[in-house]
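Just so it is clear, the structure is predicted and the values come from calculations on it, not from any experiment. If you read the sequence from its start, that first residue is 1, and numbering goes on from there.
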Amino acid sequence: MANAAAPQKQMTMGEGGLALTFAGLALLCIVIAAKAYTPEYAFHAYLFTAASVAAVFAIINRYYNRPAERAPLTIDGKPNYNMGPVKFATVASVVWGIAGFTVGLIIALQLAFPALNFDLQWISFGRLRPLHTSAVIFAFGGNVLLATSFYVVQRTSRARLAGDLAPWFVILGYNFFILIAGTGYLLGITQSKEYAEPEWYSDLWLTVVWVTYLLVFLATLWRRAEPHIYVANWFYLAFIVTIAVLHLGNNASVPVSIFSSKSYIVWSGVQDAMVQWWYGHNAVGFFLTAGFLAIMYYFIPKRAERPVYSYRLSIIHFWALIFLYIWAGPHHLHYTALPDWAQTLGMTFSIMLWMPSWGGMINGIMTLSGAWDKLRTDPVLRLMVVSVAFYGMSTFEGPMMSVKVVNSLSHYTDWTIGHVHSGALGWVAYVSFGALYCMVPWLWNRKLYSLKLVNWHFWVSTVGIVLYITAMWVSGILQGLMWRAYTSLGFLEYSFVETVEAMHPFYVIRALGGFLFLCGALIMVWNLWKTVNSAEAEETAGLALAPAE
């Protein structure tokens with residue numbers, strides 16, 4: 001009788017539908033691979049085939065191994081959180097981070113010592129540079145955002161992540177996109193758009209993954225047990241929605257054929273440039289700013305054990321940032337064919353951005369009110385607070401560089417590289433490191449292996465950042481001054497080769513800074529590895545509900 005009453009296992013619509021979809025995709029990709037115009041495109045078609053077949057087997061195997069009943073939303077009245085996808089994205093972010101930092105060091109050395117290109121097309125600077133930017137922004141940063149967003153939305157909503165297979169599809173699908181994009185750069189497949197190099201089929205795959213990501217996030221918020229939507233989720237939602245709009249607008253293209261990797265963008269001329277930098281600057285504004293501000297608004301208060309300094313300021317910060325950032329892109333196109341009114345519009349909104357950005361910085365730093373002593377004893381909190389300081393510095397420097405008279409000196413020089421990396425390394429990477437140091441012990445229910453190693457990571461990487469950005473600031477200003485120097489007869493005083501030669505010592509210093517930053521990241525990897533593999537479990541379970549959560 002007991003056996004008869006037991007629920008009979010059935011394949012869900014999601015499992016069956018997804019398995020059939022991947023089986024159909026595998027067949028389609030085999031046909032594409034057989035008729036592909038180039039071997040590089042055929043290679044990607046085979047990768048899609050292999051991944052689709054693996055997905056079918058994984059879904060079927062999971063069906064046979066899972067219990068008949070679906071995972072309960074609550075256990076003993078407490079949320080039954082789904083942390084499997086979060087763990088995978090956390091590990092992936094660390095792996096991709098080391099890969100991205102390493103490639104960055106290689107291309108920094110190639111600039112200082114061009115012979116390191118070895119005359120091989122696959123590892124030339126032109127192919128490794130987009131590999132580096134995509135690896136650190138979209139692979140490392142993207143996985144940090146996926147992991148933290150899925151973690152934070154569950155904890156602050158007191159609800160299990162929506163969907164059964166959907167969260168896994170988002171995490172694995174996104175990392176497969178990274179694999180396709182990265183191998184594509186090495187093989188020479190690119191549509192040559194800054195921060196948007198992957199070709200049409202990669203973009204199409206990412207669109208499906210990203211829409212699923214949005215639906216999972218919204219559905220989790222919809223089932224929340226907490227009536228209030230915490231401000232971090234506002235920033236995550238803005239990041240997800242805006243990146244979707246940017247991706248669709250900037251990558252609107254027409255493929256030559258389903259059997260060709262080549263496509264043509266629907267925009268042309270100055271319109272293409274305008275759309276590209278509307279995308280490019282807002283990729284910085286919403287991927288590298290709004291998403292990581294969400295991390296700041298959750299992990300700094302959590303680590304400091306203090307409430308957000310001003311919830312009202314956080315709401316003002318959110319709406320001002322969201323409204324102003326979207327207009328700032330044209331400042332990348334000063335002194336070009338773009339109409340002057342559009343250039344001035346971009347400059348004006350960039351300057352206005354200074355205030356809401358500093359409002360967010362003040363909110364993050366002042367959250368430590370009453371807990372400043374923790375900075376002496378907690379290097380993880382120090383990492384995150386210094387990241388907010390770098391955020392403040394970068395968001396002052398950016399509006400200043402958007403002013404036309406400053407831009408005439410800074411643009412196309414290494415000053416821009418210094419500015420980008422003060423934000424990327426000091427703000428994005430540091431707040432990501434802080435989140436990883438928090439999440440790994442919580443997810444694996446362990447105590448962080450060594451705070452002393454975190455301290456070493458902080459100081460080694462900070463020295464690396466300072467060397468990097470100061471070298472690029474000096475190099476960039478020197479470049480700009482040499483390019484605009486004229487003799488008494490009105491001729492250029494320096495040839496382009498002379499300006500390149502003058503940059504050499506600064507490029508060596510930059511490579512040294514990048515090496516130190518990579519060393520710091522490797523220290524973190526060792527620390528997190530020892531944490532996960534430690535036999536000592538934390539006394540208090542890391543996923544237990546905390547007050548106000």
Side-chain angles (χ1 to χ4, degrees), residues 86 89 93 137-138 141-157 161 170 210 213-218 220-222 224 226 228-247 281-304 307-326 328 353 355-367 384-385 387-388 390-392 394-395 398 423-424 427-432 434-436 438-439 548-549:
V86 179
S93 67
I137 296 172
F138 299 116
N143 273 287
V144 168
L145 289 171
L146 288 173
T148 56
S149 63
F150 279 170
Y151 181 88
V152 171
V153 74
Q154 291 185 85
R155 296 284 286 174
T156 56
S157 301
L161 203 58
V170 172
W210 206 260
Y213 180 26
L214 174 62
L215 293 176
V216 169
F217 196 86
L218 284 173
T220 306
L221 286 176
W222 182 263
R224 69 187 185 279
E226 190 70 38
H228 180 73
I229 298 178
Y230 184 60
V231 67
N233 293 320
W234 288 46
F235 280 92
Y236 280 128
L237 201 53
F239 137 70
I240 298 169
V241 171
T242 310
I243 291 301
V245 174
L246 296 170
H247 174 74
H281 192 74
N282 287 296
V284 174
F286 288 87
F287 200 97
L288 297 178
T289 302
F292 290 92
L293 283 170
I295 295 175
M296 179 195 83
Y297 272 117
Y298 181 84
F299 286 92
I300 288 183
K302 184 76 174 170
R303 189 76 185 186
V308 173
Y309 173 66
S310 171
Y311 207 79
R312 181 175 298 176
L313 180 58
S314 71
I315 300 303
I316 296 171
H317 173 211
F318 173 82
W319 286 112
L321 198 80
I322 297 312
F323 176 72
L324 295 177
Y325 230 121
I326 206 77
L353 263 173
M355 285 298 100
S357 298
W358 273 31
M361 174 196 69
I362 292 167
N363 217 4
I365 290 179
M366 291 303 292
T367 296
M384 290 192 282
V385 171
S387 80
V388 178
F390 270 107
Y391 171 66
S394 297
T395 51
W427 157 237
V428 173
Y430 265 19
V431 80
S432 299
L436 290 171
C438 289
M439 279 207 309
E549 286 193 336

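- A heavy-atom distance below 4.5 Å is not found between the side chains of Phe390 and Val428.
- For the atom pair CG of Leu146 and OH of Tyr236, the computed distance is 10.0 Å after rounding to the nearest 0.5 Å.
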Worksheet item: Please walk me through it: do Ile295 and Val144 pass side chain to side chain contact (heavy atoms under 4.5 Å, CB included)?
Response: CA-CA 9 Å; Ile295 295 175; Val144 168; 3.7 Å; yes
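- By the 4.5 Å heavy-atom criterion applied to side chains, Ser357 and Leu321 are counted as neighbours.
- Atoms OG and CH2, from Ser157 and Trp222 in turn, are 13.5 Å apart once rounded to the nearest 0.5 Å.
- Counting heavy atoms from C-beta on, the side chains of Ile300 and Ile365 never come closer than 4.5 Å.
- Separation of atoms CG (Asn282) and CG (Leu288) is listed at 11.5 Å; rounding is to 0.5 Å.
- Classification of the Tyr298-Tyr151 ring pair by plane angle, with boundaries at 30° and 60°, yields perpendicular.
- Looking only at side-chain heavy atoms (C-beta outward), Phe235 and His317 come within less than 4.5 Å of each other.
- Ring geometry for Phe318 against Trp234 counts as perpendicular: the plane angle is over 60°, on a 0 to 90° scale with 30° as the lower cut.
- Using a 3.5 Å distance cut-off with no hydrogens or angles, the side chains of Thr156 and Asn233 do pair a donor with an acceptor.
- Closest approach of Asn143 and Ala89 over heavy atoms only: CB-O, 3.5 Å.
- Put simply, the side chain of Tyr297 does not reach to within 4.5 Å of the side chain of Thr367, judged on heavy atoms.
- A donor-acceptor pair under 3.5 Å is absent between the side-chain atoms of Ser394 and the main chain of Tyr391, judged by distance alone.
- Remark: the backbone N or O of Gly392 is paired with a side-chain donor or acceptor of Thr395 at under 3.5 angstrom.
- Among all heavy-atom pairs drawn from Val152 and Ala232, the shortest one is CG1-CB, 4.1 Å.
- No side-chain heavy atom of Val388 sits under 4.5 Å from any side-chain heavy atom of Met384.
- Two rings, from Phe150 and Tyr213, have their centers less than 6.0 Å apart.
- Residues Met439 and Phe299 have side chains in contact (heavy-atom distance under 4.5 Å, counting atoms from C-beta outward).
- Summarising the geometry, atom CG belonging to Leu293 is positioned 10.0 Å from atom CG belonging to Asn363; distances are rounded to the nearest 0.5 Å.
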Worksheet item: What do the steps show when you test Val86 against Gln154 for side chain to side chain contact (heavy atoms under 4.5 Å, CB included), and what is the final call?
Response: CA-CA 11 Å; Val86 179; Gln154 291 185 85; 4.2 Å; yes
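- Between Leu221 and Ile229, the shortest heavy-atom contact is CD2-CG2, 4.2 Å.
- The structure places CE of Met296 at 6.0 Å from CH2 of Trp427, a figure rounded to the nearest 0.5 Å.
- For an aromatic pair to be called close, the ring centres must be under 6.0 Å apart, and Phe287 with Phe138 satisfies this.
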Item to complete: Test ring pair (Phe, Tyr, Trp, His ring centres under 6.0 Å) on Phe239 and Trp210 and set out the steps.
Response: CA-CA 11 Å; Phe239 137 70; Trp210 206 260; 5.6 Å; yes
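- Of all non-hydrogen atoms in Phe286 and Ala238, the two that sit nearest each other are CD2-O, 3.9 Å.
- Taking CD1 from Ile316 and OG from Ser310, the interatomic distance works out to 7.0 Å, rounded to the nearest 0.5 Å.
- Heavy-atom minimum distance, Ala328 versus Leu353: CB-CD1, 4.1 Å.
- Contact between Leu436 and Ser93 at its shortest, heavy atoms only, is CD2-OG, 3.6 Å.
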